[in-house]
Amino acid sequence: MLLQTVENTLQQALNAAIAAGELPAEAAVDSIKVEIPRDTTHGDYATNLAMALAKPARKAPRMVAETLIKHLDPALFEKVEIAGPGFINFRLAAPWLHQQIQTLRAADSDYGKHAPVDNHHYLLEFVSANPTGPLHFGHGRWAVLGDCLARLLRIGGYNVDTEFYVNDSGSQIRNLGESVRACYYQVAAEQGQTLTAEQAAHQQAYADEKANPGEKVRFYHGPYVYDLGQQLYHEQQVAALEHNTDFFSTYAKMAILAQQKQELEEFGVTFKTWFLESSLHTEQAVTQALEHMKALGKTYERDGALWFRSTEYGDNNDKVLIKKDGSTTYFANDIAYHWNKLNRGYDRLINIWGADHHGYIPRMSAAVQALGHPPEALEVLLGQMVNLYRAGEKVRMSKRTGDMVTFAEVFEEVGKDATRYLLMQRSADSPVDFDLELAKTQSSENPVFYVQYAHARICSIFRTAANVTRYDTRPWQSADLSVLQAPEERALMIKLLAYPDEVSYAAAVREPHRLTGYAQELASLFHQFYKQCRVLFERPADQEVPAEEVQLSLARLYLADAVRIVLRNLLTDIFGISAPESM
RNA sequence: GCGUUUGUAGCUCAGUGGAUAGAGCAACUGACUACGAAUCAGUAGGCCGCAGGUUCAAAUCCUGCCAAGCGCACCA
């Protein structure tokens, strides 16, 4: 909240200058931008305010800057200077800085958490894989993105729940059931059971397609399908021979769903709700939603179908809700689902979709608006695809053909912490080329270990401190921080205090990847500090450790602990990975 | 054709209209007889896709073009 503090101070100075008649009233602005300069010689914080005001104030930027500085609260800063074309550079006063570090330590695991920023109730929906096969690696990306975003939003002061939407009805589920049924017959035949003509034919059709997959593949051929058939035979023996496709569909989807849930939980991703699409049909929710749309006058009939006037809300053409054959479209089901979410009290819906669904956004947005909600009630975050490589060779990720690397395999190979970190490091906008061999071979130089190492190193310092015999390290919690004067110490403190601002901004723009950058920078500043500033001192047995060194040692322990707190909060609360005490 | 995302160092990618565009990997040179070398210090590497425009100021905003991914169903 440092940025806010500096901005408020500037705003007060501006108001005072206007009140004193030194700047014209036209100079009043409502948003002041303060930033942390890249170049540390430009101060801890800087603003372009004077340059922005130059035109309305009809004065040279440097003149405006001088006027503003005259009215600044002097307690915060030890130096304020005008630089370049009219930047105002601030250097924070050391006592104030030290006081903020103490506030940080007092907050401990609450440091970085924000008070509620609005009164909305957010529902973040992500992954939402079809229960027709194991999760692939692309789902892993959405899982990490969504989970980290949910953590970030909560810490950033948003009231958010998470949900996994299960598309557990429709033709794909039927195809899955047909596939498992065929595999079950195959197992039964292998076990010496006699199949009926229909059963044998069905099993043959499946085997034929597997042997010669054409352009249009109907069945699922992944190894997990056969496994399910086998598993079912072991559980029920011949009993299932009597059952129809629905039985196999239900059996398969429940088994796959349970598997997905378990994988995600092991990966540290949990959902408040697993919402079944089939529950909408049993409750007639689709019908009700469509009746509601009709009553609102948002639909019309044409060519024997029911259409939604999505063009009223900017879509490029109207969309069909009920097909000529009387069945509802996927879109109609989705409207029912979103209506359901809104009716459950969520007035802000955030969906994470793969970039291949972006053409779907205008119609969904139109539907939410037609249901009486503002455009901002639906927010869709698009994630670009993940291309998976193994030793430079592209791995396909198609469920139908069974030629795929599953998420579980990658997770197993690369590990939870590294996989999560590598996936959340990149912005959702950029496609990821993920090479399995590279991820593994580079694992010891993986960026995640750099951050974790800084945390482990601090823990190690405190273990060592307990064994320092030449002076008492125990009173570090009441250390006098005024002895922290080195540039490395200062840079570290400034960075620590930027943490709440980083959280706030990353949450507002829905970009958790920004915090991996912050984590790298903080770890880097700590490693520099560690190299340059000794924390623990020793002397030969016949010499005393000077009092100044003891003081410095205690203050540095205090600072190191503050770094530990922020690193731990980042790693465990936002990244969802471990903060190891040793590695 | 329309829409959308992307184009930044050899590679993978950060970059909130600001000051000399950054990091990691790869390459090269140095640093452990006191706190963890999974580290640090340094060298080298750039028409920020191209061209215009807006601005005191553009990698960032606008327009056009080039290239790549994705999407444009009474499929799900």
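Below, read A as the first sequence line, B as the second, and so on, with proteins coming before strands; counting in each chain starts at 1.
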Have a look at A:Pro431 and say if it touches a base, only the backbone sugar-phosphate, or nothing, with a 4.0 Å heavy-atom cut-off. sugar-phosphate

How is A:Asp433 classified with respect to the nucleic acid when contacts are heavy atoms under 4.0 Å: base, sugar-phosphate, or nothing? sugar-phosphate

Rounded to whole Å, the CG-P distance (A:Asp417 to B:A38) equals 18 Å

Closer than 4.0 Å, any side-chain N/O of A:Arg463 to the OP1 or OP2 of B:C35? no

Separation of atom CG in A:Asp429 from atom C1' in B:A14, rounded to whole Å: 13 Å

When only distance counts, do a donor and an acceptor, one from the side chain of A:His357 and one from the base of B:G71, lie under 3.5 Å apart? no

Measure from the ring centre of A:Tyr505 to the centre of the six-membered ring in the base of B:U16, then say whether that distance is under 5.5 Å and the planes meet at under 30°. yes

Tell me whether the side-chain N/O atoms of A:Lys33 come closer than 4.0 Å to OP1 or OP2 in B:G18. no

Rounded to whole angstroms, how far apart are CD on A:Glu301 and P on B:C74? 17 Å

Could you check, using the six-membered ring where one of them is a Trp, whether A:Phe275 and A:Tyr337 have ring centers closer than 6.0 angstrom? yes

Taking only the side-chain nitrogens and oxygens of A:Ser430, find out if one of them lies under 4.0 Å from OP1 or OP2 of B:A14. yes

B:A19 base to A:Asn89 side chain: any donor-acceptor pair below 3.5 Å? yes

Could you tell me whether A:Arg38 contacts a base, only the sugar-phosphate backbone, or nothing, with contacts defined as non-hydrogen atoms closer than 4.0 Å? sugar-phosphate

Over how many whole Å does the gap from A:Asn317 atom CG to B:G71 atom C1' extend? 13 Å

CD/A:Glu521 to OG1/A:Thr516 distance, rounded to the nearest 0.5 angstrom? 9.5 Å

Looking for any heavy atom pair under 4.0 Å, which part of the strands does A:Tyr450 touch: base, sugar-phosphate only, or nothing? sugar-phosphate

Rounded to whole Å, please give me the gap between CG in A:Asp356 and P in B:A68. 20 Å

For A:Tyr530 and B:C40, is the gap between ring centres under 5.5 Å while the planes differ by less than 30°? no

Considering every strand and a 4.0 Å limit on heavy-atom distances, what is the contact class for A:Cys459: base, sugar-phosphate, or nothing? nothing

Rounded to the nearest angstrom, tell me the gap between atom CD1 in A:Ile82 and atom C1' in B:A19. 15 Å

Tell me whether the side-chain N/O atoms of A:Arg457 come closer than 4.0 Å to OP1 or OP2 in B:A37. yes

Within the structure shown, what part of the strands sits under 4.0 Å from A:Ser460 by heavy-atom distance: base, sugar-phosphate, or nothing? base

Side-chain donor-acceptor pair under 3.5 Å between A:Gln172 and A:Asn130, yes or no? no

Please state whether the phosphate of B:G36, meaning OP1 or OP2, lies under 4.0 angstrom from any side-chain nitrogen or oxygen of A:Lys531. no

If only side-chain N and O atoms count, and only distance matters, is there a donor-acceptor pair under 3.5 Å linking A:Tyr165 with A:Asn351? no

So, A:Phe575 versus A:Tyr421, ring centres under 6.0 angstrom or not? yes

Under-4.0 Å side-chain N/O to phosphate OP1/OP2 contact, A:Gln528 with B:A41: yes

Phosphate oxygens OP1/OP2 of B:A14: is one of them under 4.0 Å from a side-chain N or O of A:Ser427? yes

Determine the Euclidean distance between corresponding P atoms of B:C28 and B:A44; express it in Å to zero decimal places. 16 Å

Assign A:His42 to base, sugar-phosphate, or nothing according to its heavy-atom contacts below 4.0 angstrom with the strands shown. base

Ring-face cation of A:Arg457 near A:Tyr530 (centre distance under 6.0 Å, axis angle within 45°): yes

